[in-house]
Protein chains: 2
Amino acid sequence: MIAEKKKAILESTLKLIKENGFHGTPMSMVAKKAGVAAGTIYHYFDSKDTLIMELFVYTQYRVQEAMLKNLREDMDLKESFFMRWISRCQFYIQNPDMLFFMEQFVNSPYYPRCPQEHNERVQNEIKQFIEVAQQQGILRELDFKLMAIMIHSSIMTAAKVHLDGKVLLGDKEFNQLAQMVWDSIREL
Amino acid sequence: MIAEKKKAILESTLKLIKENGFHGTPMSMVAKKAGVAAGTIYHYFDSKDTLIMELFVYTQYRVQEAMLKNLREDMDLKESFFMRWISRCQFYIQNPDMLFFMEQFVNSPYYPRCPQEHNERVQNEIKQFIEVAQQQGILRELDFKLMAIMIHSSIMTAAKVHLDGKVLLGDKEFNQLAQMVWDSIREL
DNA sequence: CGCCACTGAATGAACGTTCAATAGAGAGAG
DNA sequence: CTCTCTCTATTGAACGTTCATTCAGTGGCG
C-alpha cells in the first residue's frame, strides 16, 4: 500500500506537470497542492528527479492494470487487440494528467535514464501478444518493437485529439480507429 | 534572411533542449554554445518563452520545406503519400534535435498557447491532400484532423525508434511502414 | 556624431534541498 | 492506566545556488 501522503504527492505532481510542465512545477507548488510541507516530499523521494521517475513507474502500472482488467480468456486475437487498444485509449482519456505526463516524459532526457529492466517487463506483455499472432499468420512479419510503438502512438494520439476537443470520439470512432490500426498491422 | 547570430541561437537551443530539456537549458548555456553573450539573445528574442515559440515555427517551416522539395506534379496520390511520409521521416532522422524538440513542445504547456493561425496554415497542406483523396474514394471517410494526426504520429514514432538504434530502418522498412499507414487510411 | 549589434557583470527572484524542531504513534515498564 | 522512551512522520523557515533578465558600456560602421 502506498502511504496516503505519498499518493497525494504523486497525484498532485501529475496534475501540475500537465498544467505547467516539468520546469514551471516547483516543489513548493507540489507541496501546497498535496497539502503537505515542502520537507515532507523529501521524506518519500530523494529528489525531484526521483519523484518524476517514480511517477513514470506508477503511471505505467496504472495503465497496465486498467487494460488487463478488461481482458477475458475467451477472446480471440482480434477481439483482444480491440479491447486492449480501446481500454488504453479510454484510460488516458479518463486520466489526461497521465497522458500528458507520459508524453512529456518519454520525450525528455529523463526517459533514457530510466532503468531498462522496468521497461522490458512492461513491453513483455505486448511482445507475447504480437508473437503469438505472428505465428498464427494473422499479423505481418515486422519487428515487434516497431509494431508495438506504432500501436502505442496511435492510442496516445487518438486520446490527445479527443481531449483537445477537436474531434469527439464515441464508441463508433474508437472501433473505427482500432480497426484502422488493426488493418495496418494485420497480414492482408 | 535570418541573421547569422539569430540562427546560431536557434540551432544551439535546439541541440541543448534535446540533451537537457526545457528546464536544464539555461540561457547562459545557449549563449555559450551559440558563441554570443547572454545579452545578445535578448536582442533577438523578448524572452526564453519567445525563443521557444519561434523555434517551433522555425522547425515547422524547415520540415514543410524538406517535404515539398521532393514532390513532383506527375505523382499519383499514393506515390505522393509515400513520398510525403518518407521525406518527413527522413528529415527528422537527419535532424534529431528538431524531432525531440517538436515532441517535447507539442506535449508541453507551450503548445496550447501557440497562435492557432500558424498551425492552421501548416495543416492546410495535408488537409487538401486528404480531401482530394477522399473525394476520389481512395481514402476512408474520417475526420481529416484525426487522419492527419495519425499519420504524423506514425512518422515521429518511426523516426524515434530508428534513432534509438533499436530498429534500423532502411529503404525497405520505410516503404513497409508507409504501406502500413496507407493501409490504415485507405478505403479497403 | 548617431546608430546599431553586441557584451558580460550585476541583479533580484525563484528554486531545490536541508535541518533543527515538533508532533504523534506505539511499545514496554511499573 | 500512565509515564517514558523511541522512532518515524511532518513541518516550514532558512540556505545557497542557479537562473532569466537588465543595462551601462564598448566597438565599429556610415
Side-chain angles (χ1 to χ4, degrees), chain A residues 1-58 97 100-101 104-105 108-114, chain B residues 1-58 97 100-101 104-105 108-114:
Chain A
M1 257 316 81
I2 301 179
E4 201 178 316
K5 299 223 167 176
K6 183 168 181 177
K7 196 163 179 178
I9 293 167
L10 286 169
E11 298 284 352
S12 303
T13 310
L14 222 35
K15 278 201 177 57
L16 290 169
I17 284 180
K18 190 210 156 179
E19 280 156 35
N20 313 310
F22 288 135
H23 58 316
T25 304
M27 296 298 258
S28 55
M29 210 187 268
V30 172
K32 197 176 166 191
K33 181 139 196 155
V36 302
T40 306
I41 301 177
Y42 291 85
H43 180 70
Y44 294 106
F45 307 94
D46 285 346
S47 66
K48 191 177 183 179
D49 280 13
T50 311
L51 167 56
I52 290 173
M53 290 286 188
E54 282 204 35
L55 216 37
F56 176 65
V57 174
Y58 172 70
D97 309 332
F100 285 95
F101 170 76
Q104 276 187 256
F105 185 89
S108 77
Y110 288 112
Y111 185 53
R113 277 157 37 205
C114 178
Chain B
M1 260 312 85
I2 302 179
E4 201 176 318
K5 298 221 168 178
K6 183 169 182 178
K7 196 164 180 177
I9 293 167
L10 286 168
E11 297 283 351
S12 303
T13 310
L14 223 35
K15 278 203 177 56
L16 290 169
I17 284 180
K18 191 210 153 177
E19 280 156 36
N20 313 311
F22 289 136
H23 58 317
T25 304
M27 295 298 257
S28 55
M29 210 187 268
V30 172
K32 196 177 166 191
K33 181 137 193 155
V36 300
T40 306
I41 301 177
Y42 290 86
H43 181 69
Y44 293 105
F45 306 94
D46 285 347
S47 67
K48 192 178 182 179
D49 280 13
T50 310
L51 167 56
I52 289 173
M53 289 288 189
E54 282 204 36
L55 215 37
F56 176 65
V57 174
Y58 172 70
D97 309 332
F100 285 94
F101 169 75
Q104 278 188 254
F105 185 88
S108 77
Y110 287 113
Y111 185 53
R113 277 158 36 205
C114 179

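All values below were derived from every heavy atom in this structure, side-chain atoms included, with hydrogens, water molecules and symmetry-related copies excluded.
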*Presence of A:Thr40 side-chain N/O under 4.0 Å of D:dT11 phosphate oxygens OP1/OP2*: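 For D:dT11, OP1 or OP2 has a side-chain N or O of A:Thr40 closer than 4.0 Å.
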*Does A:Lys32 have a side-chain nitrogen or oxygen under 4.0 Å from the phosphate oxygens OP1 or OP2 of D:dG12?*
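No, outside the criterion.
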Length of the [atom1]-[atom2] vector between [X] and [N], whole Å:
X       : N      : atom1 : atom2 : result
B:Phe22 : D:dC19 : CZ    : P     : 17 Å
B:Asp49 : D:dC19 : CG    : P     : 16 Å
A:Phe45 : C:dG16 : CZ    : P     : 15 Å
B:Asp46 : D:dT22 : CG    : C1'   : 13 Å
B:Asn20 : D:dT18 : CG    : C1'   : 14 Å
A:Glu4  : C:dA25 : CD    : P     : 14 Å
B:Met29 : D:dA20 : CE    : C1'   : 14 Å
B:Ile41 : D:dT21 : CD1   : P     : 10 Å

*Verify side chain to side chain contact (heavy atoms under 4.5 Å, CB included) between B:Val36 and B:His43, making sure each step is shown before the conclusion.*
CA-CA 11 Å; B:Val36 300; B:His43 181 69; over 6 Å; no
Closest approach to the side chain of [X], judged atom by atom: which nucleotide of [options] is it?
X       : options                : value
A:Lys48 : C:dT17, D:dT11, D:dT22 : C:dT17
A:Pro26 : C:dC6, C:dC15, D:dT11  : C:dC15
A:His43 : D:dT10, C:dC6, D:dA20  : D:dT10
A:Tyr42 : D:dG12, D:dT22, C:dG16 : C:dG16
B:Ala38 : C:dA9, D:dT11, C:dG16  : C:dA9

*Classify the ring geometry between B:Tyr110 and B:Phe105 as parallel (under 30°), tilted (30 to 60°) or perpendicular (over 60°).*
parallel
*Side chains of A:Arg113 and A:Asp49: does their closest heavy-atom pair fall under 4.5 Å?*
yes
*Looking at B:Phe45, does the NZ or CZ of B:Lys6 lie under 6.0 angstrom from its six-membered ring centre and within 45 degrees of the ring axis?*
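Here B:Lys6 passes the 6.0 Å and 45° test against B:Phe45.
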*Nearest 0.5 Å, what's the CG-CD1 distance between A:Asp97 and A:Ile17?*
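Here the rounded value is 10.0 Å.
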_Students often get this wrong, so: under 4.0 angstrom with heavy atoms, is B:Tyr44 touching a base, only sugar-phosphate, or nothing?_
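If one applies the 4.0 Å heavy-atom cut-off, B:Tyr44 turns out to touch the sugar-phosphate alone, with no base involved.
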*Which part of the nucleic acid, if any, lies within reach of B:Thr25 when heavy atoms closer than 4.0 Å are counted: base, sugar-phosphate only, or nothing?*
sugar-phosphate
